[in-house]
Number of protein chains: 2
Amino acid sequence: MSDLDPHVHQPARLRILMLLSGVDSADFAFLQKTLQLTKGNLSSHMARLERAGYVRVTKAFHGNMPNTSYRLTRLGRTRLAAYWKAIDEIRHGAE
Amino acid sequence: MSDLDPHVHQPARLRILMLLSGVDSADFAFLQKTLQLTKGNLSSHMARLERAGYVRVTKAFHGNMPNTSYRLTRLGRTRLAAYWKAIDEIRHGAE
DNA sequence: GTCTCTGGTTTGTGGTACAAACTAGTATGC
DNA sequence: GCATACTAGTTTGTACCACAAACCAGAGAC
(Lines give C-alpha, C1' and ligand atoms only; values in the text may rest on other atoms or scores of the structure.)
Protein backbone atom coordinates (compact mmCIF):
# COMPACT_ATOMS: atom_id res chain seq x y z
CA MET A 1 0.00 0.00 0.00
CA SER A 2 2.31 2.70 -1.23
CA ASP A 3 1.30 5.93 0.47
CA LEU A 4 0.66 9.29 -1.05
CA ASP A 5 3.84 11.35 -0.92
CA PRO A 6 2.90 14.48 1.02
CA HIS A 7 5.32 16.59 -0.97
CA VAL A 8 3.37 15.74 -4.08
CA HIS A 9 -0.07 15.39 -2.57
CA GLN A 10 -0.81 19.05 -2.30
CA PRO A 11 -2.75 20.92 -4.98
CA ALA A 12 -0.27 23.67 -5.72
CA ARG A 13 2.76 21.42 -5.73
CA LEU A 14 1.05 18.80 -7.80
CA ARG A 15 0.39 21.41 -10.45
CA ILE A 16 3.91 22.73 -10.20
CA LEU A 17 5.36 19.28 -10.64
CA MET A 18 3.06 18.45 -13.52
CA LEU A 19 3.98 21.67 -15.23
CA LEU A 20 7.69 21.10 -14.73
CA SER A 21 7.38 17.53 -15.91
CA GLY A 22 6.43 18.84 -19.32
CA VAL A 23 8.81 21.69 -19.90
CA ASP A 24 12.41 20.88 -19.03
CA SER A 25 12.69 24.14 -17.10
CA ALA A 26 10.55 27.08 -16.01
CA ASP A 27 11.24 30.29 -14.17
CA PHE A 28 9.54 31.84 -11.17
CA ALA A 29 7.50 34.40 -13.08
CA PHE A 30 6.22 31.85 -15.53
CA LEU A 31 5.18 29.46 -12.79
CA GLN A 32 3.50 32.21 -10.86
CA LYS A 33 1.57 33.46 -13.85
CA THR A 34 0.43 30.11 -15.18
CA LEU A 35 -0.44 28.63 -11.82
CA GLN A 36 -1.92 31.81 -10.35
CA LEU A 37 -0.11 31.56 -7.06
CA THR A 38 1.06 34.42 -4.90
CA LYS A 39 4.80 34.94 -4.87
CA GLY A 40 5.13 34.00 -1.24
CA ASN A 41 3.17 30.85 -1.71
CA LEU A 42 5.10 29.84 -4.79
CA SER A 43 8.38 30.69 -3.13
CA SER A 44 7.72 28.46 -0.16
CA HIS A 45 6.49 25.59 -2.28
CA MET A 46 9.58 25.76 -4.42
CA ALA A 47 11.81 25.92 -1.37
CA ARG A 48 10.12 22.83 -0.08
CA LEU A 49 10.45 20.97 -3.31
CA GLU A 50 14.09 21.93 -3.44
CA ARG A 51 14.76 20.78 0.12
CA ALA A 52 13.12 17.51 -0.80
CA GLY A 53 15.37 17.22 -3.82
CA TYR A 54 12.51 17.18 -6.28
CA VAL A 55 13.59 20.26 -8.20
CA ARG A 56 16.90 21.89 -8.93
CA VAL A 57 17.08 25.66 -8.67
CA THR A 58 19.22 27.78 -10.93
CA LYS A 59 19.71 31.42 -10.11
CA ALA A 60 21.10 33.60 -12.83
CA PHE A 61 20.88 37.04 -14.33
CA HIS A 62 19.11 37.81 -17.55
CA GLY A 63 20.69 41.08 -18.48
CA ASN A 64 20.67 42.79 -15.13
CA MET A 65 17.59 41.12 -13.81
CA PRO A 66 17.75 38.24 -11.42
CA ASN A 67 16.02 35.12 -12.58
CA THR A 68 15.29 31.91 -10.76
CA SER A 69 14.50 28.84 -12.75
CA TYR A 70 13.49 25.36 -11.78
CA ARG A 71 13.87 21.98 -13.31
CA LEU A 72 12.59 18.63 -12.15
CA THR A 73 15.27 16.29 -10.87
CA ARG A 74 15.28 12.62 -11.65
CA LEU A 75 14.06 12.01 -8.11
CA GLY A 76 11.22 14.43 -8.63
CA ARG A 77 10.23 12.70 -11.82
CA THR A 78 10.33 9.32 -10.13
CA ARG A 79 8.27 10.48 -7.20
CA LEU A 80 5.71 12.07 -9.44
CA ALA A 81 5.32 8.83 -11.35
CA ALA A 82 5.05 6.92 -8.07
CA TYR A 83 2.38 9.35 -6.95
CA TRP A 84 0.22 8.67 -9.97
CA LYS A 85 0.70 4.99 -9.43
CA ALA A 86 -0.44 5.31 -5.82
CA ILE A 87 -3.42 7.37 -6.91
CA ASP A 88 -4.38 4.68 -9.36
CA GLU A 89 -4.18 2.11 -6.61
CA ILE A 90 -6.57 4.06 -4.47
CA ARG A 91 -8.83 4.69 -7.39
CA HIS A 92 -8.98 1.17 -8.67
CA GLY A 93 -8.47 -0.81 -5.52
CA ALA A 94 -5.13 -2.36 -6.42
CA GLU A 95 -3.08 -3.84 -3.63
CA MET B 1 -10.08 24.92 -13.59
CA SER B 2 -12.09 23.01 -11.00
CA ASP B 3 -10.03 22.86 -7.84
CA LEU B 4 -9.26 19.90 -5.68
CA ASP B 5 -11.85 19.68 -2.92
CA PRO B 6 -9.84 19.79 0.31
CA HIS B 7 -12.29 17.55 2.08
CA VAL B 8 -11.52 14.85 -0.42
CA HIS B 9 -7.91 15.69 -1.14
CA GLN B 10 -6.47 14.13 1.96
CA PRO B 11 -5.09 10.60 1.97
CA ALA B 12 -7.13 9.18 4.83
CA ARG B 13 -10.38 10.75 3.74
CA LEU B 14 -9.86 9.79 0.13
CA ARG B 15 -9.53 6.19 1.20
CA ILE B 16 -12.53 6.45 3.47
CA LEU B 17 -14.65 7.87 0.69
CA MET B 18 -13.47 5.30 -1.82
CA LEU B 19 -14.22 2.52 0.61
CA LEU B 20 -17.67 3.89 1.38
CA SER B 21 -18.39 4.40 -2.29
CA GLY B 22 -18.22 0.65 -2.74
CA VAL B 23 -20.12 -0.72 0.24
CA ASP B 24 -23.37 1.08 0.93
CA SER B 25 -22.49 1.35 4.60
CA ALA B 26 -19.62 0.60 6.97
CA ASP B 27 -19.15 0.90 10.69
CA PHE B 28 -16.41 2.53 12.72
CA ALA B 29 -14.54 -0.64 13.63
CA PHE B 30 -14.51 -1.88 10.07
CA LEU B 31 -13.21 1.40 8.73
CA GLN B 32 -10.57 1.56 11.40
CA LYS B 33 -9.37 -1.96 10.76
CA THR B 34 -9.30 -1.85 7.00
CA LEU B 35 -7.80 1.60 6.74
CA GLN B 36 -5.38 1.21 9.65
CA LEU B 37 -6.18 4.52 11.24
CA THR B 38 -6.13 5.33 14.92
CA LYS B 39 -9.54 5.79 16.45
CA GLY B 40 -8.99 9.45 17.14
CA ASN B 41 -7.88 10.12 13.65
CA LEU B 42 -10.76 8.22 12.11
CA SER B 43 -13.21 9.91 14.45
CA SER B 44 -12.13 13.39 13.46
CA HIS B 45 -12.12 12.57 9.77
CA MET B 46 -15.63 11.18 9.99
CA ALA B 47 -16.79 14.19 11.97
CA ARG B 48 -15.41 16.39 9.26
CA LEU B 49 -17.02 14.44 6.48
CA GLU B 50 -20.30 14.57 8.33
CA ARG B 51 -20.10 18.32 8.90
CA ALA B 52 -19.43 18.68 5.19
CA GLY B 53 -22.47 16.57 4.43
CA TYR B 54 -20.48 13.90 2.61
CA VAL B 55 -21.50 11.04 4.88
CA ARG B 56 -24.52 10.28 7.01
CA VAL B 57 -23.92 8.85 10.46
CA THR B 58 -26.19 6.28 12.06
CA LYS B 59 -25.77 5.44 15.71
CA ALA B 60 -27.45 2.30 16.92
CA PHE B 61 -27.04 -0.59 19.31
CA HIS B 62 -26.08 -4.07 18.28
CA GLY B 63 -27.20 -6.07 21.25
CA ASN B 64 -25.95 -3.88 24.06
CA MET B 65 -23.01 -2.49 22.21
CA PRO B 66 -23.10 0.91 20.61
CA ASN B 67 -22.30 0.97 16.95
CA THR B 68 -21.70 3.87 14.62
CA SER B 69 -22.06 3.37 10.92
CA TYR B 70 -21.49 5.60 7.96
CA ARG B 71 -22.93 5.85 4.51
CA LEU B 72 -21.99 8.12 1.66
CA THR B 73 -24.57 10.78 0.86
CA ARG B 74 -25.48 11.75 -2.66
CA LEU B 75 -23.42 14.90 -2.17
CA GLY B 76 -20.44 12.85 -1.09
CA ARG B 77 -20.75 10.67 -4.12
CA THR B 78 -20.98 13.68 -6.38
CA ARG B 79 -17.99 15.35 -4.83
CA LEU B 80 -15.93 12.22 -5.05
CA ALA B 81 -16.71 11.93 -8.74
CA ALA B 82 -15.84 15.61 -9.20
CA TYR B 83 -12.58 15.02 -7.41
CA TRP B 84 -11.53 12.32 -9.81
CA LYS B 85 -12.51 14.52 -12.68
CA ALA B 86 -10.33 17.31 -11.32
CA ILE B 87 -7.47 14.90 -10.81
CA ASP B 88 -7.76 13.79 -14.40
CA GLU B 89 -7.64 17.38 -15.52
CA ILE B 90 -4.41 17.95 -13.68
CA ARG B 91 -3.01 14.71 -14.90
CA HIS B 92 -3.90 15.17 -18.51
CA GLY B 93 -3.77 18.89 -18.84
CA ALA B 94 -7.44 19.47 -19.58
CA GLU B 95 -8.79 22.96 -19.19
C1' DG C 1 16.76 62.16 -6.45
C1' DT C 2 12.29 59.36 -5.88
C1' DC C 3 8.78 56.45 -7.62
C1' DT C 4 7.50 52.34 -9.27
C1' DC C 5 8.23 47.86 -11.09
C1' DT C 6 10.40 43.34 -11.14
C1' DG C 7 11.78 39.39 -8.60
C1' DG C 8 11.67 37.24 -5.15
C1' DT C 9 12.04 35.87 0.59
C1' DT C 10 10.61 36.18 5.35
C1' DT C 11 7.13 36.44 8.81
C1' DG C 12 2.63 35.74 11.19
C1' DT C 13 -1.57 33.43 11.45
C1' DG C 14 -5.14 30.22 11.05
C1' DG C 15 -6.25 25.65 10.07
C1' DT C 16 -5.63 20.84 10.55
C1' DA C 17 -3.83 15.98 10.77
C1' DC C 18 -2.44 13.19 14.19
C1' DA C 19 -1.94 10.40 18.44
C1' DA C 20 -2.41 10.39 23.30
C1' DA C 21 -5.41 10.85 26.83
C1' DC C 22 -9.88 10.55 28.25
C1' DT C 23 -14.99 9.06 28.66
C1' DA C 24 -18.70 5.77 28.89
C1' DG C 25 -20.33 1.65 29.11
C1' DT C 26 -19.90 -3.81 28.76
C1' DA C 27 -18.15 -8.37 29.42
C1' DT C 28 -15.05 -11.20 32.28
C1' DG C 29 -12.54 -13.02 35.97
C1' DC C 30 -12.33 -14.16 40.85
C1' DG D 1 -20.06 -7.68 43.83
C1' DC D 2 -15.80 -5.68 42.85
C1' DA D 3 -11.99 -5.00 39.97
C1' DT D 4 -9.91 -5.67 35.61
C1' DA D 5 -9.88 -5.53 30.83
C1' DC D 6 -12.11 -4.68 26.61
C1' DT D 7 -15.22 -2.22 23.19
C1' DA D 8 -16.40 2.00 21.03
C1' DG D 9 -15.63 5.94 20.28
C1' DT D 10 -14.58 11.58 21.45
C1' DT D 11 -11.83 15.34 23.15
C1' DT D 12 -7.52 17.61 23.71
C1' DG D 13 -2.82 19.19 22.77
C1' DT D 14 0.83 19.62 19.65
C1' DA D 15 3.43 20.15 15.71
C1' DC D 16 3.31 21.14 11.17
C1' DC D 17 2.17 23.75 7.08
C1' DA D 18 -0.32 26.52 3.42
C1' DC D 19 -1.17 30.98 2.67
C1' DA D 20 -0.88 36.00 2.00
C1' DA D 21 0.90 40.22 3.76
C1' DA D 22 4.75 42.55 4.63
C1' DC D 23 9.19 43.14 3.55
C1' DC D 24 13.82 43.58 0.94
C1' DA D 25 16.87 44.61 -2.92
C1' DG D 26 17.96 46.10 -7.20
C1' DA D 27 16.59 48.25 -11.89
C1' DG D 28 14.36 51.36 -14.94
C1' DA D 29 11.49 55.56 -15.63
C1' DC D 30 10.95 60.38 -15.01
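Every chain is numbered from 1, with letters handed out A, B, ... down the list of sequences.
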Pairing residues for His9(B) by the side chain to side chain donor-acceptor pair (under 3.5 Å) criterion, not counting sequence neighbours: Tyr83(B)
Spacing between Met46(A) atom CE and dT10(C) atom P, to the nearest angstrom: 15 Å
Please set out all donor-acceptor pairs under 3.5 angstrom arising from side-chain atoms of residues 21-31 of chain B, sequence neighbours excluded.
| from | atom 1 | to | atom 2 | distance (Å) |
| --- | --- | --- | --- | --- |
| Ser21(B) | OG | Met18(B) | O | 2.7 |
| Asp27(B) | OD1 | Ala29(B) | N | 3.4 |
| Asp27(B) | OD1 | Phe30(B) | N | 2.9 |
| Asp27(B) | OD2 | Asn67(B) | ND2 | 3.1 |

Gap between atom CD1 of Ile90(B) and atom CG of Leu17(A) - 0.5 Å precision: 11.0 Å
Listed once per pair and sorted, the ring-ring contact (aromatic ring centres under 6.0 Å, His included) pairs that draw on residues 31-69 of chain A, sequence neighbours left out: His7(A)-Tyr54(A)
Pairs involving residues 68-78 of chain B, ordered by first then second residue, that meet side-chain hydrogen bond (donor to acceptor under 3.5 Å, both in side chains) (sequence neighbours left out): Lys59(B)-Thr68(B)
Rounded distance in Å - CE (Met65(B)) to C1' (dA24(C)): 11 Å
Sub-4.5 Å side-chain heavy-atom contact between Leu80(B) and Leu14(B): yes
Start and end of chain B contact along DNA chain D [non-hydrogen atoms, under 4.0 Å]: dT7(D) to dT11(D)
Between the protein and nucleotides 18-21 of chain C, list every N/O to N/O distance that falls short of 3.5 Å.
| from | atom 1 | to | atom 2 | distance (Å) |
| --- | --- | --- | --- | --- |
| dC18(C) | OP2 | Asn41(B) | OD1 | 3.2 |
| dC18(C) | OP2 | Asn41(B) | ND2 | 3.3 |
| dC18(C) | OP2 | His45(B) | NE2 | 2.9 |
| dC18(C) | O5' | Asn41(B) | OD1 | 3.3 |
| dA19(C) | OP2 | Thr38(B) | OG1 | 3.2 |

Stepwise salt bridge (Lys or Arg N to Asp or Glu O under 4.0 Å) test for Arg91(A) and Asp88(B): CA-CA 12 Å; Arg91(A) 189 172 196 170; Asp88(B) 283 340; 2.9 Å; yes
Between P of dA17(C) and CD1 of Ile16(B), the distance in whole Å: 11 Å
For Gln32(A), side chain to side chain donor-acceptor pair (under 3.5 Å) partners two or more places apart: none
4.5 Å side-chain heavy-atom contact, Met46(B) and Val55(B): yes
Contact list for DNA chain D against residues 48-62 of chain A - heavy-atom distance below 4.0 Å: Arg48(A)
Whole-Å distance separating the CZ atom of Phe28(A) from the P atom of dT10(C): 12 Å
Which residues share a salt bridge (charged side-chain N to carboxylate O under 4.0 Å, His left out) with Arg56(A), sequence neighbours left out: none
